[in-house]
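Report on one structure; see the data block that follows.
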Amino acid sequence: MAHGAHESNVKRIWIVFGLLSIVTIIEVWLGIVKPDSLHLHGLGTSWLNWIFIILTLVKAYYITWTFMHMEGEKTWFRRSVVWTAIFLIIYLVTLLLIEGGYLYDTLAPLVRW
């Protein structure tokens with residue numbers, strides 16, 4: 001029985017590795033190619049930046065779900081951990097976008113970007 005559990009964990013580790021690798025490869029590819037169609041602005045920044053933010057949130061959620069073993073916890077505990085982390089990340093991203101926009105507008109006449 002222990003041997004069967006070991007095999008399923010090995011399979012699970014490879015699945016997690018594969019999914020996180022695919023998301024990372026997509027992020028790296030988008031960072032290198034930077035498609036012109038994604039440079040259109042939407043909701044405070046370009047769509048390319050939003051794709052990076054969403055993919056990062058997906059990776060953070062999946063890492064928390066898998067490596068903190070959240071699937072085995074009670075529903076209220078899972079929600080309290082994951083929703084709090086996602087809220088704080090979204091809050092941080094919002095503040096960074098607001099402050100970054102302000103600094104860009106304020107320093108644009110003084111700094112050559």
Side-chain angles (χ1 to χ4, degrees):
M1 185 167 114
H3 184 66
H6 175 69
E7 289 178 10
S8 66
N9 286 335
V10 170
K11 180 181 177 183
R12 183 170 180 225
I13 289 171
W14 280 108
I15 290 171
V16 170
F17 174 75
L19 290 173
L20 293 176
S21 296
I22 289 170
V23 173
T24 303
I25 289 168
I26 291 170
E27 286 178 333
V28 170
W29 180 79
L30 285 173
I32 292 172
V33 174
K34 296 179 188 167
D36 290 332
S37 61
L38 295 177
H39 283 287
L40 303 172
H41 286 281
L43 299 173
T45 187
S46 70
W47 292 112
L48 185 61
N49 286 345
W50 281 113
I51 291 172
F52 282 127
I53 291 166
I54 291 168
L55 288 176
T56 302
L57 285 173
V58 166
K59 283 195 325 187
Y61 178 82
Y62 197 69
I63 288 169
T64 303
W65 184 261
T66 303
F67 295 115
M68 291 178 66
H69 307 286
M70 285 292 160
E71 69 274 3
E73 298 294 338
K74 294 193 180 284
T75 303
W76 64 269
F77 183 68
R78 285 194 310 237
R79 289 180 183 163
S80 67
V81 170
V82 173
W83 289 358
T84 302
I86 288 178
F87 169 76
L88 291 174
I89 291 169
I90 290 171
Y91 182 66
L92 173 67
V93 167
T94 303
L95 290 179
L96 288 173
L97 290 174
I98 291 170
E99 290 297 318
Y102 171 76
L103 285 175
Y104 180 78
D105 293 340
T106 302
L107 298 176
L110 304 173
V111 178
R112 184 170 180 226
W113 302 100

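Only this structure's heavy atoms are used, side chains among them; waters, hydrogens and symmetry mates stay out.
The CG atom of Leu97 lies 7.5 Å from the CG atom of Asn49; values are rounded to the nearest 0.5 Å. Atoms CG and CG, on Asp36 and Leu48 in that order, are 10.5 Å from each other to the nearest 0.5 Å. Rounding to the nearest 0.5 Å places OG of Ser46 at 10.0 Å from NZ of Lys34. Taken to the nearest 0.5 Å, the CH2 atom of Trp83 stands 13.5 Å off from the CH2 atom of Trp76. Rounded to the nearest 0.5 angstrom, Thr24 OG1 and Leu19 CG are separated by 10.5 Å.
The backbone N or O of Ile63 sits nowhere less than 3.5 Å from a side-chain atom of Thr66 that would complete a donor-acceptor pair.
Linking Ile, Leu, Val, Met, Phe, Trp and Tyr residues whenever their side-chain heavy atoms come within less than 4.5 Å places Trp65 and Ile86 in a single cluster. Residue Leu96 is not grouped with residue Leu88 when hydrophobic side chains (ILVMFWY) are merged at heavy-atom distances under 4.5 angstrom, including chains of intermediate members. There is no path of hydrophobic side-chain contacts, each under 4.5 Å, that joins Tyr62 to Val82. The hydrophobic cluster containing Val58 does not contain Ile22, counting ILVMFWY residues as joined when their side-chain heavy atoms lie under 4.5 angstrom apart, directly or transitively. One hydrophobic cluster, built from ILVMFWY side chains closer than 4.5 Å, holds both Phe52 and Val33.
Taking the six-membered ring where tryptophan is involved, the planes of Phe87 and Tyr91 are essentially parallel, since the angle between them stays under 30° and well short of 60°.
Here the closest heavy-atom approach between residue Met70 and residue Thr64 is recorded as CG-O, 3.6 Å. Closest of all the heavy-atom pairs between Pro109 and Thr106 is CD-O, 3.5 Å.
With a 4.5 Å cut-off on side-chain heavy atoms, Glu73 and Met68 do not count as touching. Counting only heavy atoms from C-beta outward, the side chains of Ile26 and Ile51 never approach each other to under 4.5 Å. Residues Phe67 and Val16 form a side-chain contact, since some pair of their non-hydrogen atoms from C-beta on lies under 4.5 Å apart.
Ion pairing between Arg12 and Glu71 holds under the 4.0 Å rule for side-chain N and carboxylate O.
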Criterion side chain to side chain contact (heavy atoms under 4.5 Å, CB included) on Arg79 and Thr84, from CA distance to verdict = CA-CA 8 Å; Arg79 289 180 183 163; Thr84 302; over 6 Å; no

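The distance between the ring centers of Phe17 and Trp14 falls below 6.0 angstrom.
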